[in-house]
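These notes concern the structure reproduced below.
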Amino acid sequence: MQETNLRAGVSSACFFPMDTLHSVQKLTEWKVPNIEIFFNSFQELKPGYLEQLAECCRASQTQVVSVHPFTSGSESFYFFTDYPGRIQDGLEIYRHFLHAANYLGAQLLVFHGASVFSSLSMEKSAEHFYALDRMAREEYGVTVAYENVVRSKSKEPDYLLELKQWYPQLACVLDVKQALRSGKDPLEYLEKLGDSIRHIHISDSDVQRDCLPIGQGTMEWSVLFERLKQQHFDGYIIQELYSDSYQGQEEVLDGFRQLKNAMNRSKMF
């Protein structure tokens, strides 16, 4: 199994609205070994742009472990509706993101899914999600991983647990800050979803702010890491921040270093 620091990483989303290529270049200059690429435009899915991203990562031996579409807010309209034809529209749109993930070597695509207003039955929801995930796995070698998000039904771990009953292959992303925004303990997702948790978006927090660079808040990471060890978690733990989470970009790098140190202290992996 890889060493601890090879399982930690940073998302390019930390620098939004900086151009995605420039964000990736910054992470590769910092020698971050694993990154998630957040695509912010369909223009970034074109061959020339993807080649620049790939070359940047090859030159620094940076691994792209996951991608995140900027169309997450539209997923409910495409994949969680009874309207004829929209599911096909969604599949065609997401082929572009899945191709990009495959081209860059990423194994996961992060998915927000059904909005809190979706009325689609659980059976149909699982059927539509399966259509996307099957296409992703069979045609692109990528897994679609459902993330807990405060604006989505996935904010409730019980929703994901029920979806898993309909679709046992369900893979999930645990986002710590989104759990807090949903009024949930991040550990609840681990307790209920177990080894379905394949990927972590991590950030620190304190009594005033729910998204800070690692080391700037008061989160007790040993408890989370111990639970991950008990569940034999072998995915990636990616620091994902918002641009208003810090004052200077070097704080993102320091947060990544703090993450590695915290994982080392907990003997993760």
Side-chain angles (χ1 to χ4, degrees), residues 9-30 32 34-60 62-79 89-113 115 132 136 140 142-152 154 173 175-178 181 199-203 211 213 236 238-249 251-253 255-256:
V10 179
S11 171
S12 68
C14 294
F15 306 114
F16 181 84
M18 181 188 291
D19 180 87
T20 298
L21 177 59
H22 296 160
S23 299
V24 170
Q25 288 171 335
K26 180 170 289 294
L27 294 176
T28 60
E29 289 168 3
W30 285 347
V32 176
N34 306 294
I35 65 172
E36 178 171 293
I37 294 182
F38 195 116
F39 287 105
N40 291 297
S41 165
F42 287 120
Q43 301 304 309
E44 297 169 7
L45 302 175
K46 292 183 175 181
Y49 197 94
L50 289 178
E51 176 56 35
Q52 291 184 77
L53 288 173
E55 178 55 35
C56 179
C57 292
R58 280 195 297 266
S60 63
T62 297
Q63 181 178 5
V64 181
V65 300
S66 52
V67 301
H68 197 315
F70 74 97
T71 50
S72 295
S74 301
E75 287 165 354
S76 194
F77 294 106
Y78 289 117
F79 298 105
D89 290 342
L91 292 173
E92 288 305 311
I93 290 170
Y94 272 66
R95 281 187 182 278
H96 299 288
F97 293 108
L98 292 167
H99 167 74
N102 175 272
Y103 183 82
L104 295 168
Q107 297 179 342
L108 289 178
L109 180 142
V110 179
F111 185 78
H112 288 188
S115 79
L132 174 63
Y140 299 94
V142 176
T143 297
V144 180
Y146 213 132
E147 183 177 30
N148 62 292
V149 179
V150 68
R151 294 186 300 276
S152 299
S154 58
V173 179
D175 188 307
V176 171
K177 62 184 174 299
Q178 291 291 332
R181 292 184 176 193
H199 192 67
I200 308 286
H201 283 161
I202 200 167
S203 53
C211 185
Y236 291 87
I238 302 295
Q239 180 179 234
E240 184 188 62
L241 306 170
Y242 303 124
S243 56
D244 62 357
S245 302
Y246 55 85
Q247 298 298 314
Q249 292 179 351
E251 294 176 54
V252 178
L253 176 58
F256 169 66

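All values derive from a computational prediction rather than experimental measurement.
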I'd like to check Leu45 versus Tyr49 (side-chain heavy atoms, cut-off strictly below 4.5 Å). Are they in contact? no
Report the residues that fulfil ring-ring contact (aromatic ring centres under 6.0 Å, His included) with Tyr242, sequence neighbours left out, ordered by chain and then residue number. none
Considering residues, nucleotides and ligands other than Glu251, do more than 12 of their heavy atoms fall under 6.0 Å from its CD? yes
Using a 3.5 Å distance criterion without hydrogens, assess whether the side chain of Gln63 forms a donor-acceptor pair with backbone atoms of Asn34. no
If only side-chain N and O atoms count, and only distance matters, is there a donor-acceptor pair under 3.5 Å linking Gln178 with His201? no
Are the side chain of Tyr246 and the backbone of Cys14 linked by a donor-acceptor contact shorter than 3.5 Å? yes
Counterpart residues, salt bridge (charged side-chain N to carboxylate O under 4.0 Å, His left out), relative to Arg151 (two or more places apart): none
Does Thr62 have any side-chain hydrogen bond (donor to acceptor under 3.5 Å, both in side chains) partners at least two apart in sequence or in another chain, and if so, which? Ser60
Asn148 side chain to Asp175 backbone, donor-acceptor under 3.5 Å: yes
For atom CZ of Phe15, is the number of surrounding heavy atoms from other residues, nucleotides or ligands below 6.0 Å larger than 12? yes
Any donor-acceptor pair under 3.5 Å linking the side chain of Ser66 with the backbone of Leu108? no
Just wondering, more than 12 heavy atoms not from Phe77 lying within 6.0 Å of its CZ? no
Neighbour count >12 (heavy atoms, 6.0 Å) for atom CD, Glu55: yes
